[in-house]
Amino acid sequence: QVQLVESGGGLVQPGGSLRLSCAASGITFSIYNMGWYRQAPGKQRELVARIIYPGATSYAESVKGRFTISRDNAKNTVYLQMNSLKLEDTGVYYCNWGGPSNGSWGQGTQVTVSS
């Protein structure tokens, strides 16, 4: 059974950094598109970063230049490095397939940016 588990969230001050991890089990996902999504309070879930086979990346305009998505195929893990965090980055972050379809949604990991 395929499972994706997010980790690495926490409380951070504006301008700080966090690295989120998404560990996959039950499948080797090197050939699959992967994405990071977030849902801010009162907002719809949105795609913030995507990595597609064989390695091209794309980002939401709001995070360009600050976030970097990467993957370690040997570890079956995808990462989201978040730098220069802003208050508006607060939300629950999820990983999932990057398209064209999504799988089920896990519990995500909470990121809170607060001074």
Side-chain angles (χ1 to χ4, degrees):
Q1 195 74 45
V2 176
Q3 184 170 281
L4 302 174
V5 179
E6 304 95 339
S7 63
L11 175 64
V12 65
Q13 294 188 149
S17 298
L18 286 172
R19 189 179 76 160
L20 307 184
S21 298
C22 174
S25 61
I27 193 173
T28 299
F29 65 78
S30 60
I31 66 171
Y32 298 105
N33 303 333
M34 299 297 298
W36 281 99
Y37 303 77
R38 71 183 178 192
Q39 188 164 23
K43 302 289 187 179
Q44 188 175 16
R45 182 159 45 216
E46 64 174 340
L47 175 67
V48 298
R50 184 170 63 135
I51 184 165
I52 61 175
Y53 180 84
T57 59
S58 63
Y59 301 91
E61 186 66 30
S62 61
V63 307
K64 284 182 179 178
R66 301 187 297 117
F67 290 12
T68 303
I69 187 171
S70 63
R71 69 198 306 165
D72 186 335
N73 292 329
K75 296 181 178 180
N76 255 15
T77 301
V78 62
Y79 303 96
L80 185 68
Q81 178 67 47
M82 305 185 295
N83 299 325
S84 302
L85 283 162
K86 303 176 179 180
L87 297 179
E88 54 264 41
D89 293 320
T90 293
V92 179
Y93 285 69
Y94 305 86
C95 69
N96 211 316
W97 315 122
S101 300
N102 298 127
S104 60
W105 299 96
Q107 64 180 0
T109 185
Q110 176 71 45
V111 172
T112 302
V113 184
S114 180
S115 59

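Every value quoted in this text rests on a predicted model; they were computed, and no experiment measured them.
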Can you check whether Met82 reaches Val111 side chain to side chain, under 4.5 Å on heavy atoms? yes
Let me confirm one number: the OG-CD distance from Ser62 to Glu88, rounded to the nearest 0.5 Å. 8.0 Å
Looking only at atom types and distance, does a side-chain atom of Glu6 sit under 3.5 Å from a main-chain N or O of Tyr94, one as donor and one as acceptor? no
Rounded at 0.5 Å granularity, tell me how far CH2 in Trp36 sits from CG in Leu47. 12.0 Å
Hydrophobic cluster membership, with links at side-chain heavy-atom distances under 4.5 Å among I/L/V/M/F/W/Y: are Tyr93 and Ile51 in one? yes
Mind listing the closest non-hydrogen atom pair of Leu4 and Ala24 along with its distance? CD2-CB, 3.6 Å
Examine Val48 and Leu18 and state if one hydrophobic cluster contains both, with Ile, Leu, Val, Met, Phe, Trp and Tyr joined whenever side-chain heavy atoms are less than 4.5 Å apart. yes
Taking Tyr59 for the side chain and Ile69 for the main chain, is one N or O donor matched with an acceptor at less than 3.5 Å? yes
Verify the ring-centre separation between Tyr37 and Trp105: is it less than 6.0 angstrom? yes
Separation between OG (Ser70) and CE (Met34), nearest 0.5 Å, reads 12.0 Å
Minimum heavy-atom separation for Pro41 to Gly91, with atom names? CD-CA, 4.5 Å
Do Leu11 and Ser114 have side chains that approach each other closer than 4.5 Å (heavy atoms only, starting at C-beta)? yes
Would you say Asp72's side chain and Thr77's backbone share a donor-acceptor pair under 3.5 angstrom? no
With the side chain counted from C-beta on, respond yes when Glu46 and Arg38 share a heavy-atom pair under 4.5 Å apart, and no when they do not. yes
Side chain to side chain, Val2 and Trp97, heavy atoms closer than 4.5 Å: yes
Could you check whether any side-chain heavy atom of Tyr53 comes within less than 4.5 Å of a side-chain heavy atom of Asn33, counting everything from C-beta outward? yes
Using modelled atom types only, decide if a donor and an acceptor are shared between the side chain of Thr90 and the backbone of Val113 within a distance under 3.5 Å. yes
Keeping the roles fixed (side chain from Asn76, backbone from Ile27), state whether a donor-acceptor pair exists under 3.5 Å. yes
Answer whether the closest heavy-atom distance between the side chains of Leu85 and Phe67 falls below 4.5 Å. yes
Roughly how far, to the nearest 0.5 Å, is the CG atom of Leu87 from the OG1 atom of Thr112? 11.0 Å
Do Val5 and Leu80 belong together in a cluster built from hydrophobic side chains that touch within less than 4.5 Å? no
